[in-house]
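First the structure, in the form of structure tokens, and then the observations on it.
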Amino acid sequence: MIRARGLTKRYGPTLAVDNLDFEVLPGRVTGFLGPNGAGKSTTMRMILGLDAPTAGSVTIDGRPYAEHQRPLFDVGAMLEARAIHPGRSAYNHLFALAQSNGIGRKRVDEVLDVVGLSSVAHKRAGGFSLGMGQRLGLAAALLGDPGVLILDEPVNGLDPEGIVWIRNLMRSLASEGRAVFVSSHLLTEMALTADHLIVVGRGRLIAESSVDEFIERSSRNYVRVRAPQLHKLGQLLTSEGAAITMEDDGALAVTGAGEAAIGDLAAEYGITLHELSPQNASLEEAYIELTQGSVDFHGADTASHPTLTTQVA
Amino acid sequence: MTDTTTVLPSLTRPDSARRIAPDVIRSEWTKFRSVHSSYWTLLVAAVAMVGLSAILCAIYVGRYASLSAVDKATFNPTSFSLNGILLAQLAVGVLGVLIITAEYSTGMIRATLAAVPQRRTVLAAKGAVFAAATAVVGIVSSFGAFFVGQSILSSKHIQAHFSDPGVLRAVFGGGLYLAVLGLLALGIGVLIRHSAGAIAAVFGLLFVLPGIVLALPSSWGISKFLPSNAGSAIFHTVPDQSSLSPWVGFGLFCAYAAVALIAAGFVFQRRDA
């Protein structure tokens, strides 16, 4: 189990990680979600004892990383793909890491087999594609049969087949009772892989919840209504406790009242409805909305209102 | 590359009483022997030592008849056959830097330190493996250079023998000099982290600085305390008045390397990887 308490990292004037508290529990995939530059990689490096926190602490199974002897048995990490000497073979890369923790050759063959690199094991890693580099990184993470896996953007640069493969692998590793901590800047990817989400923006914790809960809570669900007597309907809805906002095209956006209640209310007062449609913000929009203001590098603002997709209820 | 839903075979952890240092040394040895640059660089060093000895001694023998009596009298056959060290040390200095800076430039350092968070153990193991490999290659090449050189010089009966004073120390010391120089380069590599900058620093310290100091008044007497001048006293059989005695000089050279490695260990332990 990973536990961060008040974890903070400052680079000069920049707070890369700002007072993070979270836990990564065994038996599930925990997604570490946030836009690029939100502090995910820095946090992972601090977990692994590579970078020292400016303040706060992070432990794995109750101890800071530096206090682990032969840590590959406790924690497997894949930070950046292709962090390999290009002249060294995949086999020797893994064998050197294995030896440092007292792990034998047999294990190297086993993990190479699991990630499907056995046939290129003795080729120089410099010639590997990004996807093969990711597989090699994963093989290194699996060397010590660890209870905790830390994977930084593992699907980056993978082809669709590779993405499905790594997704299944993460799910099966979690189902074996391991804690799988995986970062991504793609909510859609995390929605498919993770059970639990830790969402960060600008180094700060934005949300920690189950994936379903996160989507439920952060989606902007509302009902779109158009009617000739819009003003009257708006007053009635407000008096019933719903909140209304005017859309650009003159329709009402109603929250706090379902489409059935709105329809009943309109019928009761004899108001004709021209449109009554429930709207769900897509996952990606919910995420953008949540991390807005925490995205470090905004693209040009092309639309002031996010376009919402319509789902027929 | 089929769709895998893996259950990894289980693995037993080594006894917690087992020391990690031997495992880390094995790991560093695997890293060292599994890249071509290690072999090439040490091969260059060995060829430079033996080859240069053969070439220089052959030239000397060819010119022997035309040399003055003074030249012949001051000729030092042992030191002459070890001139290849001057070239070999470039290769060893570069390799000492690269074994750590290549880890930084590739990102491998993070995998290394995630596997072994005991950072000083990592640095010590790296140094031990590299120094051992360099010492073996250096000593063997030094003996090779000596034998090849003396066998060529023997045609004029001007060769040195192992029984001559200081010869064994000089030939053995030539190899040791390379190993210690490699460690000094490793220390500088850790401190600077970038290949080009670290190589420039090593070359500046060892080879450029002595040239600059030569421009200073010789009465200051700084020159003999510079790392390369102090260290090379060990492979000169006839100490001249301007240099330190062989073991004092070599001791000082070791001290320079120790300072670089201790500083490196201190920085390596605390710096973000």
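Order of the sequence lines sets the chain letters (A, B, ...), proteins ahead of strands, with each chain counted from 1.
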Checklist entry - Which residues in residues 5-26 of chain A have any heavy atom lying under 4.5 Å from a heavy atom of chain B? => result K9(A), Y11(A)
Next on the checklist: What's the separation between atom NZ in K31(B) and atom CZ in F130(B), rounded to the nearest 0.5 Å?
Outcome noted: 14.5 Å
Next on the checklist: Looking only at heavy atoms and a cut-off of under 4.5 Å, which of L48(A), V111(A), I84(A) has the most pairs with chain B?
Outcome noted: I84(A)
Checklist outcome for this item: Counting heavy-atom pairs under 4.5 Å with chain B, the top scorer among G87(A), A52(A), G102(A) is G102(A)
Checklist entry - Is chain B contacted by the side chain of R107(A), its backbone, both, or neither, given a heavy-atom distance below 4.5 Å? => result side chain
Checklist outcome for this item: All heavy atoms of L82(B) vs all of A170(B), minimum pair found to be CD1-O, 3.7 Å
Checklist outcome for this item: Closest non-hydrogen atoms of V97(B) and A185(B), given as atom of the first, atom of the second and distance, are CG2-O, 3.6 Å
Checklist entry - What pair of heavy atoms forms the shortest contact from F250(B) to L176(B), and how long is it? => result CZ-CB, 3.6 Å
Item to check | Residue selection (most heavy-atom pairs with chain A, distance under 4.5 Å) from A115(B), P22(B), A111(B) | outcome: A115(B)
Item to check | Residue, of T106(B), T12(B), I25(B), that accumulates the most heavy atom pairs under 4.5 Å with chain A | outcome: T106(B)
Checklist entry - Among side-chain atoms of R105(A) and Y91(A), is any donor-acceptor pair under 3.5 angstrom? => result yes
Item to check | Between R18(B), R26(B), M108(B), R13(B), the one whose heavy-atom pairs under 4.5 Å with chain A are most numerous | outcome: R13(B)
Checklist entry - Looking at CG of N92(A) and OG of S34(B), how far apart are the two atoms once the value is rounded to the nearest 0.5 Å? => result 4.5 Å
Item to check | Contact winner vs chain A - A21(B), G107(B), A114(B), heavy-atom pairs under 4.5 Å | outcome: A114(B)
Item to check | Q118(B) portion near chain A, given a 4.5 angstrom heavy-atom threshold | outcome: side chain
Item to check | Close side-chain approach of H196(A) to V29(A), heavy-atom, < 4.5 Å | outcome: no
Checklist entry - Who wins among T30(B), I20(B), L113(B) for the most heavy-atom pairs under 4.5 Å with chain A? => result T30(B)
Checklist entry - Which atom pair, heavy atoms only, marks the closest approach of L11(B) to L143(A)? => result CD2-O, 3.3 Å
Item to check | Closest approach of Q134(A) to E153(A) (non-hydrogen atoms, all atoms of both residues) | outcome: NE2-O, 3.6 Å
Checklist entry - Should S183(A) and S41(A) count as side-chain neighbours, where that means a heavy-atom distance under 4.5 Å? => result no
Checklist entry - So, for P53(A) and G56(A), which heavy atoms are closest and what is the spacing to 0.1 Å? => result CB-O, 4.0 Å
Item to check | Heavy-atom proximity to chain B below 4.5 Å, by part of R171(A) | outcome: neither
Next on the checklist: Under a 3.5 Å threshold, yes or no: a donor from one side chain and an acceptor from the other, between T101(B) and S195(B)?
Outcome noted: yes
Item to check | Under 4.5 Å from a heavy atom of chain A, the part of A102(B) involved | outcome: side chain
Item to check | T193(A) and E189(A): side chain donor to acceptor below 3.5 Å | outcome: yes
Checklist outcome for this item: Applying a strict 4.5 Å limit to non-hydrogen atoms, the region of S10(B) in contact with chain A is both
Item to check | Proximity breakdown for Q69(A) and chain B, heavy-atom pairs closer than 4.5 Å | outcome: both
Checklist outcome for this item: If one checks every heavy atom of R271(B) against chain A at 4.5 Å, the contacting part turns out to be backbone
